[in-house]
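Lettering of chains follows the sequences in order, A, B, ..., and the numbering in each one begins at 1.
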There are 2 protein chains.
Amino acid sequence: MSSGKTITDVARLAGVSKSTVSRVLNNNLQYIRPETIEQVRHAIKELNYQPSSVARSLVSKRTLAVGLLISDVGNPYYSEVIRGVEDIALVKDYNIFLCNTSYDHARGLKFIQSLANKQVDGILLMSSSISNEWITELERFHTPVVALDWYPSQPVDGEVGLITVDFETGIRQAVDHLFKLGHRRFAHISGPLHLETSRIRQQIFLSALGGYGISAESVLTLEANLRLDGGRGVLERMALSPVQPTAIFAANDLTAIGFIWAAQQCGLRVPEDISVIGLDDIQLAEEILPPLTTVSMPRNEIGKIAMEMLLEIIENKSPINGVKHNAHIVTSLIIRKSTGVAPVDPGRWDLRRSQIAVN
Amino acid sequence: MSSGKTITDVARLAGVSKSTVSRVLNNNLQYIRPETIEQVRHAIKELNYQPSSVARSLVSKRTLAVGLLISDVGNPYYSEVIRGVEDIALVKDYNIFLCNTSYDHARGLKFIQSLANKQVDGILLMSSSISNEWITELERFHTPVVALDWYPSQPVDGEVGLITVDFETGIRQAVDHLFKLGHRRFAHISGPLHLETSRIRQQIFLSALGGYGISAESVLTLEANLRLDGGRGVLERMALSPVQPTAIFAANDLTAIGFIWAAQQCGLRVPEDISVIGLDDIQLAEEILPPLTTVSMPRNEIGKIAMEMLLEIIENKSPINGVKHNAHIVTSLIIRKSTGVAPVDPGRWDLRRSQIAVN
DNA sequence: CTGAAAGCGCTAACAT
DNA sequence: ATGTTAGCGCTTTCAG
């Protein structure tokens, strides 16, 4: 572990008491003679001394560590969030325990327990699904929590901060955009409907469409898995539908991109034959062809805000109690090239296998 | 932090001493009366007691935490490595401090120091560039280290494990493959040449080509940044070259994919006009069209092996000293659809802008 | 079989 | 301006 030297070694070498060393360590220099300070500092250098943060934590009750639960680092959606969190953490001297739940509640619970056990100062819950059981567990330990996009079924106490995402604004913009382009036949590729956020996105999309007189029944909705292959897999099902959409809203960018690739491979042109809108604005979205029109979440900002809120809760823990910590993140439409005017005579799709075989 | 209850509370409730509680906590049950064990266990449940791992660490000198330094979580290359590390860590009750160096040595050093200061049991160095300064710092603290793909300039002590990647095998297979397909004019898109691994990959590629009588001078080599936009940016420079390649080996998959997209956009067909091989085998590689032929690194396995090696070093720290910890990872070619027979009469490229404008 | 006591490395009153 | 003392919560001899 540490370099082996303790505060006692420093005290001895400097010819002072541990308290004095501790004082200079913590910059309580107000009543110490300058030359004493120098002696201590010199001894510290000499011995290459580093205070043990474990011992410090034992008395301070602070570990300067937080846990970050996400579903899967492999999902590009999370990388910018992580960076946002890390950037704030770094300046505040905090470190981050990264935990991939792998969309598995049990695995998540294991992490929660090991983090609580390690006495992290707080936990950021950013996985796509957040279990009530986790929260219960964390409340037992009075561990401060900030949760992203989670809608508690029962009220939670002051130690839980909530970050909610206003999908409504962005999704409505998407619908407006499509409508202006002349689209009237829509489809939605949702995420797994057992996830609350999947249901919310779908519902907002349908209700926005309702505002234009499009009934929910008339829009084709298909469920996918929020990954590339999910979006890809949906095309065939959609081709079989009696009436085919000219515009598609996907629950996230990966789904949208997977769908676009499948469509292109089958000879459908985007956006000439079909317009596609995603959600997230992952980096890949602007790098594919055509660049994806998408509802953007400011992910880096989400990370930053979440970490700041968590620190806030940690610092004001006992004082403010019952105060609600909340932040609302607004989404907005980024118009790129995957959306265009609706085809005049859509007709049925003429899917031909591309000459490029699938692997 | 913790639920507030201490071992003393448990001892009192159970009507035993702290030592006894400690014994059942650590499963030293050999000399304890079964009914005593039960009393203690009952008290633990009753109080919802969790031992403080901070206090434990203070005496055990173990924190059950390790640091993982990578360049950038946003790089899909790392996500599987992280998962590999995490999977091993989870079963051993370790947690992982994730640190993004952002390709910045100074930032890396800050992390190293804060990790050493937090007394992590070990550190995994997996960033694309590893600074000697970091190692020096870590040796000061006797922190066990496992470094990926790093070639120390001076010998290091027994607390540093090395994981080396045999790029040779995979890259030679790639060259063989291209040669068999009839290619004779090659190009290489390297990573930044100040990175040792970039130079190594380039050199292996050139020397393998040399084995077929192709001189290094005759192969067009261009430097890029290992990201999508880097690969994309290279196309124009390549188009200006007097003699154009029919086969390209890129330093990593992102570069290869960026290049392919740029090529397709300009009307070049892959693999009919040009064959492209990447390196890494990131998930995206098999999901694009055409699926990418690539030299695969078993990234998940690398993560697992690295973490296992680190634990090994941690556990045998004092006993074995001077023993070298080493692992060698072999790469191999995954043939997909981005490589094909060389065009009969290559001619010069006829780059036309695709109808789809770039954003 | 169980308890008492000392100590891990540090901080924080309380003295002086 | 600095030293003394008493813990923080746990483990670990050493006694009994």
For S19(B), report the nucleic acid contact type (base, sugar-phosphate, nothing); a contact means any heavy atom under 4.0 Å. base
Atom CG of L25(A) and atom C1' of dC10(C): how far apart are they, to the nearest Å? 9 Å
Sub-4.5 Å side-chain heavy-atom contact between I314(B) and Y94(B): yes
Take atom CG of L58(A) and atom C1' of dG9(C), then tell me their distance rounded to the nearest Å. 9 Å
Could you tell me how far apart Q39(A) (CD) and dT2(D) (P) are, to the nearest whole angstrom? 8 Å
In terms of side-chain geometry, is the basic nitrogen of D87(A) or R107(B) positioned less than 4.0 Å from the acidic oxygen of its partner? yes
For R12(A) and dG3(D), what is the distance between atoms CZ and P respectively, to the nearest whole Å? 14 Å
K61(A) has an atom NZ; how far is it from atom C1' of dC10(C), in whole Å? 12 Å
Is the shortest side-chain N to carboxylate O distance from K61(B) to D121(B) below 4.0 Å? no
For V21(B), answer base if it contacts any base atom (sugar-phosphate contacts may also be present), sugar-phosphate if it contacts only those atoms, and nothing otherwise; contact means non-hydrogen atoms under 4.0 Å. nothing
Cationic N near anionic O, under 4.0 Å, R140(B) to E137(B): yes
Does one side chain, of K118(A) or N95(B), offer a donor that lies under 3.5 Å from an acceptor on the other? yes
OP1 or OP2 of dT11(D) under 4.0 Å from side-chain N/O of S22(B): yes
R56(A) vs V59(B), nearer the 5' end of DNA chain C by closest nucleotide: V59(B)
Measuring to OP1 and OP2 of dT2(C), would you say a side-chain N or O of R23(B) lies under 4.0 angstrom away? no
Could you verify whether a donor N or O on one side chain and an acceptor N or O on the other, from S102(B) and R83(A), lie under 3.5 Å apart? yes
May I have the distance from R62(A) (atom CZ) to dA12(C) (atom P), rounded to whole angstrom? 12 Å
Between Q50(B) (CD) and dC10(D) (C1'), how many Å, whole number? 14 Å
Run through T164(A), I135(A), I163(A) and flag the one making a side chain to side chain contact (heavy atoms under 4.5 Å, CB included) with W150(A). I135(A)
Where along residues 26-38 of chain B does a heavy atom fall under 4.0 Å from DNA chain C? Y31(B), I32(B), R33(B), T36(B)
If you look at every strand shown and take non-hydrogen atoms under 4.0 Å, does T20(A) touch a base, only sugar-phosphate, or nothing? sugar-phosphate
In whole Å, I'd like the distance from the NZ atom of K18(B) to the C1' atom of dG7(C). 11 Å
Side-chain N,O (S17(B)) to OP1/OP2 (dG3(C)) below 4.0 Å: yes
